[in-house]
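A short write-up of the structure that comes next.
The figures here come from the full heavy-atom set of this structure, side chains too, leaving out hydrogens, waters and symmetry mates.
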Number of protein chains: 4
Amino acid sequence: MAPLNEDQLENIRNERKIQIMRAALKVFAANGFKLTKISLIAKEAGISHGLVYHYFKSKEEVLHESLEWAMELNETKKYLNELSEMAISPLEKIHNFTKFALSSSKYESSDIFRIIQHLEHTEDVPSHILEFTKNVGMMYVEFFIPIFIEGQEAGEIIQENPEELVGLFLTIISGVMADDPDYWHENMDHKISIFLRMITTR
Amino acid sequence: MAPLNEDQLENIRNERKIQIMRAALKVFAANGFKLTKISLIAKEAGISHGLVYHYFKSKEEVLHESLEWAMELNETKKYLNELSEMAISPLEKIHNFTKFALSSSKYESSDIFRIIQHLEHTEDVPSHILEFTKNVGMMYVEFFIPIFIEGQEAGEIIQENPEELVGLFLTIISGVMADDPDYWHENMDHKISIFLRMITTR
Amino acid sequence: MAPLNEDQLENIRNERKIQIMRAALKVFAANGFKLTKISLIAKEAGISHGLVYHYFKSKEEVLHESLEWAMELNETKKYLNELSEMAISPLEKIHNFTKFALSSSKYESSDIFRIIQHLEHTEDVPSHILEFTKNVGMMYVEFFIPIFIEGQEAGEIIQENPEELVGLFLTIISGVMADDPDYWHENMDHKISIFLRMITTR
Amino acid sequence: MAPLNEDQLENIRNERKIQIMRAALKVFAANGFKLTKISLIAKEAGISHGLVYHYFKSKEEVLHESLEWAMELNETKKYLNELSEMAISPLEKIHNFTKFALSSSKYESSDIFRIIQHLEHTEDVPSHILEFTKNVGMMYVEFFIPIFIEGQEAGEIIQENPEELVGLFLTIISGVMADDPDYWHENMDHKISIFLRMITTR
DNA sequence: CATGAATGAGCCTTCATTCAT
DNA sequence: TATGAATGAAGGCTCATTCAT
């Protein structure tokens with residue numbers, strides 16, 4: 001019989017890669033890079049460990065490609081774009097984002113967050129991955145600074161150095177996300193409101 | 001030379017254990033349980049890795065005993081006691097504590113925090129250690145609830161469910177501690193002030 | 001289009017096998033058995049690695065059949081036949097052969113040589129392959145003994161036990177072939193002449 | 001009880017390293033670098049595979065250090081020195097050397113030869129090892145050129161470019177050593193005499 | 001008590017081989 | 001017949017743990 005045609009193969013390849021990357025993001029997020037066993041990713045993806053190496057040439061590359069895929073595809077980016085165009089106040093945007101960030105695992109987004117957390121506390125991260133993490137961090141900072149400024153102009157946000165404020169905000173968010181995402185699920189809006197009091201005028 | 005008497009031997013033994021545990025706390029805090037190599041603890045303690053096994057029967061026991069020792073000895077407990085008797089307002093106490101928590105490694109205290117963070121995100125933690133972590137968490141909660149209530153009575157702290165407030169406060173603190181302790185060093189008081197706005201009245 | 005008839009199919013099948021075997025000989029010669037990857041043979045043959053297993057049931061069989069094919073087909077045998085009928089002196093025949101042996105890869109012949117070299121230094125070679133190598137060796141010995149005797153009778157070759165002489169000659173040739181075929185390309189005739197002084201009368 | 005004193009430890013370490021390197025030379029010589037399993041070296045040395053990594057940080061380093069040790073210690077070097085001072089004719093020196101080279105495994109020397117043979121036919125040899133092999137080859141060339149010239153002046157050796165002659169001689173020797181050292185054991189002197197006819201005058 | 005030599009389980013990675021299409 | 005996806009055995013290397021000295 002004739003072999004599969006190219007489209008079919010391409011499809012399978014992509015399916016599999018995505019399947020693996022999805023699993024990888026989950027497992028990396030839970031365990032960090034070093035403690036993540038390829039065998040676990042494979043199990044999570046429902047395949048043999050050998051197959052992982054059919055699609056990626058090393059554990060490191062699984063990580064890298066998974067991160068890139070997740071960012072590209074990225075729900076977060078899309079979300080940020082949508083968010084910036086919503087007709088709501090800056091503070092509401094911030095609230096909305098916080099909620100998004102803390103409602104883990106709905107999308108891969110929070111996995112990325114957690115993975116980057118891990119990486120930032122890890123030695124010997126390969127430079128191309130390190131760079132990746134920096135870029136992601138930068139993206140958030142750059143996204144929020146104008147919003148914070150706007151919020152300050154609108155009188156919603158306290159008059160402190162906006163960069164410092166954004167830094168503080170994101171530091172705490174990311175610390176908290178890496179920590180216990182479950183904690184937030186209950187009563188989320190209320191908790192977030194309290195949390196955001198730290199930057200609001202009243 | 002006369003042989004050492006039993007007390008002296010006991011002392012040496014204890015010195016050594018403490019030496020090891022101190023090192024262990026530091027290294028566990030930095031790397032988590034699994035990624036911590038016995039050899040690193042030994043190096044940090046300035047002894048050979050074999051010796052660790054004279055004092056502890058496994059890596060797990062090193063962790064467990066180190067945690068217990070740290071809590072017993074505990075700077076944190078002492079510190080909390082002192083804190084509760086200081087003649088300062090509840091809010092100032094909270095500020096003071098936050099500062100203490102974030103000024104890492106001055107005491108073993110923050111190591112404990114970070115270790116517990118790690119453990120809480122780890123699977124297969126042996127039950128006796130898990131229990132330990134719960135107790136520590138509880139201790140903080142119980143310590144802070146009265147202070148928060150006092151603060152509410154004094155009008156310094158917002159009128160929300162004190163347990164919820166304490167929970168939120170500690171969750172964030174611990175998330176942030178596990179994240180990037182260095183971030184806070186600069187301009188610490190100012191950052192903490194902003195952070196605490198989330199619970200203060202205006 | 002009409003389907004291919006059986007002969008044609010058979011032909012295609014044979015073409016493919018030959019294509020693979022030719023590639024296999026080359027790659028085996030370059031790397032030895034164990035270090036030769038099926039994927040490399042496939043790439044060299046311009047086919048997928050899976051296809052190799054349609055024609056051969058294992059790597060070992062690829063080796064075996066390739067060797068047999070090469071011997072059957074055999075350029076070497078043909079060459080030896082031609083050689084024996086050339087109207088040149090025994091010594092010239094030997095010179096000619098040496099040249100043939102050292103001018104690698106023109107024919108598959110030198111590949112066989114090199115492969116057999118490899119095999120002789122390898123443990124756990126399956127007996128049917130081992131036997132094969134012995135036969136090949138034997139063939140050469142039997143071919144050259146009469147020529148050496150003739151050379152002795154003609155006074156061109158020194159009066160030593162011809163079997164010993166042939167053994168020495170072939171041992172060195174094969175050692176040298178396995179070693180560095182490139183070395184000989186430059187100035188080949190001259191080098192060979194010197195080399196052959198070892199058996200010539202003057 | 002007190003731990004071993006430094007000398008004792010140093011001794012054990014050295015013993016073991018030598019034990020491993022000796023085994024390594026043997027196994028590398030037999031199989032080449034890639035096909036040599038650390039576990040085989042360990043077995044040959046009568047130790048566990050893990051221990052190898054106590055003394056060397058990688059397979060590559062086992063090879064490198066083993067080669068360096070063998071050259072340093074080196075029987076060959078010593079032998080060459082002695083040889084150059086013997087009161088025998090240049091040709092006799094060459095004969096003597098050939099004999100030495102082919103009486104394998106008496107010393108590690110022939111292992112080195114064989115290993116270097118392997119390496120020269122291998123891709124991706126790390127540069128520091130490659131350099132090593134070059135140096136060794138150079139050593140022989142430089143040692144023999146004056147002897148060949150002397151032999152030519154004494155009328156024992158044919159008047160050909162000495163470098164070419166030495167090159168040919170060493171190429172064949174090394175090819176042959178790598179090939180079948182056993183072949184030569186029987187009747188060695190006689191075989192060597194014939195072989196050397198290739199460079200001798202009549 | 002103290003050292004570090006020694007062991008072996010376990011993880012990453014490669015590659016022969018099988019199999020669905 | 002042809003492809004390449006999929007599997008799993010095996011080998012390099014690390015590290016917790018044991019043990020002789």
Expressed as a whole number of angstroms, how long is the span from [X]:[atom1] to [N]:[atom2]?
| X | N | atom1 | atom2 | value |
| --- | --- | --- | --- | --- |
| A:Ile20 | E:dT13 | CD1 | P | 14 Å |
| A:Arg13 | E:dA20 | CZ | P | 20 Å |
| A:Ile47 | F:dG8 | CD1 | C1' | 13 Å |
| A:Arg16 | E:dT21 | CZ | C1' | 14 Å |

Distance-only criterion, 3.5 Å: show the donor-acceptor pairs between side-chain atoms of residues 24-37 of chain A and protein atoms not counting sequence neighbours.
| unit_1 | atom_1 | unit_2 | atom_2 | d |
| --- | --- | --- | --- | --- |
| A:Lys26 | NZ | A:Glu44 | OE2 | 2.9 |
| A:Asn31 | ND2 | A:Val27 | O | 3.2 |
| A:Thr36 | OG1 | A:Val27 | O | 3.4 |
| A:Thr36 | OG1 | A:Gly32 | O | 2.5 |

Rounded at 0.5 Å granularity, tell me how far [atom1] in [X] sits from [atom2] in [Y].
| X | Y | atom1 | atom2 | value |
| --- | --- | --- | --- | --- |
| D:Leu130 | D:Thr133 | CG | OG1 | 4.5 Å |
| D:Ile129 | D:Leu63 | CD1 | CG | 4.0 Å |
| A:Leu40 | A:Lys43 | CG | NZ | 6.5 Å |
| A:Ile38 | A:His49 | CD1 | NE2 | 9.5 Å |

- Which heavy-atom pair separates A:Ala45 from A:Gln19 by the least distance, and what is that distance?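 Looks like O-NE2, 2.6 Å.
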- Measure across C:Val52 and C:Ala42 and return the closest heavy-atom pair with its distance rounded to 0.1 Å. CG2-CB, 4.2 Å
- Any chance you could encode DNA chain F as dot-bracket? Rule is Watson-Crick or G-U wobble with both distances under 3.5 Å; [ ] for pairs crossing earlier ones, | for another strand. .||||||||||||||||||||
- Message: Give the residues of residues 48-66 of chain C touching DNA chain E, defined as any heavy atom closer than 4.0 Å, sorted by residue number.
- Response: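 Residues of residues 48-66 of chain C that come under 4.0 Å of DNA chain E are, in numerical order, C:His49, C:Tyr53, C:Ser58, C:Lys59.
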- For C:Glu61, what residues pass the side-chain contact (heavy atoms from CB on, under 4.5 Å) criterion, not counting sequence neighbours? C:Phe56, C:Lys57, C:Ser58, C:Glu65
- Query: In residues 26-41 of chain C, which residues come under 4.0 Å of DNA chain F by heavy atom?
  - Reply: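 Residues of residues 26-41 of chain C under 4.0 Å from DNA chain F: none.
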- Query: Residues two or more places apart in sequence or in another chain: which of them pass side chain to side chain donor-acceptor pair (under 3.5 Å) with C:Glu131?
  - Reply: none
- If you measure only the distance, is there a donor-acceptor pair under 3.5 Å linking the side chains of D:Arg114 and D:Gln117? no
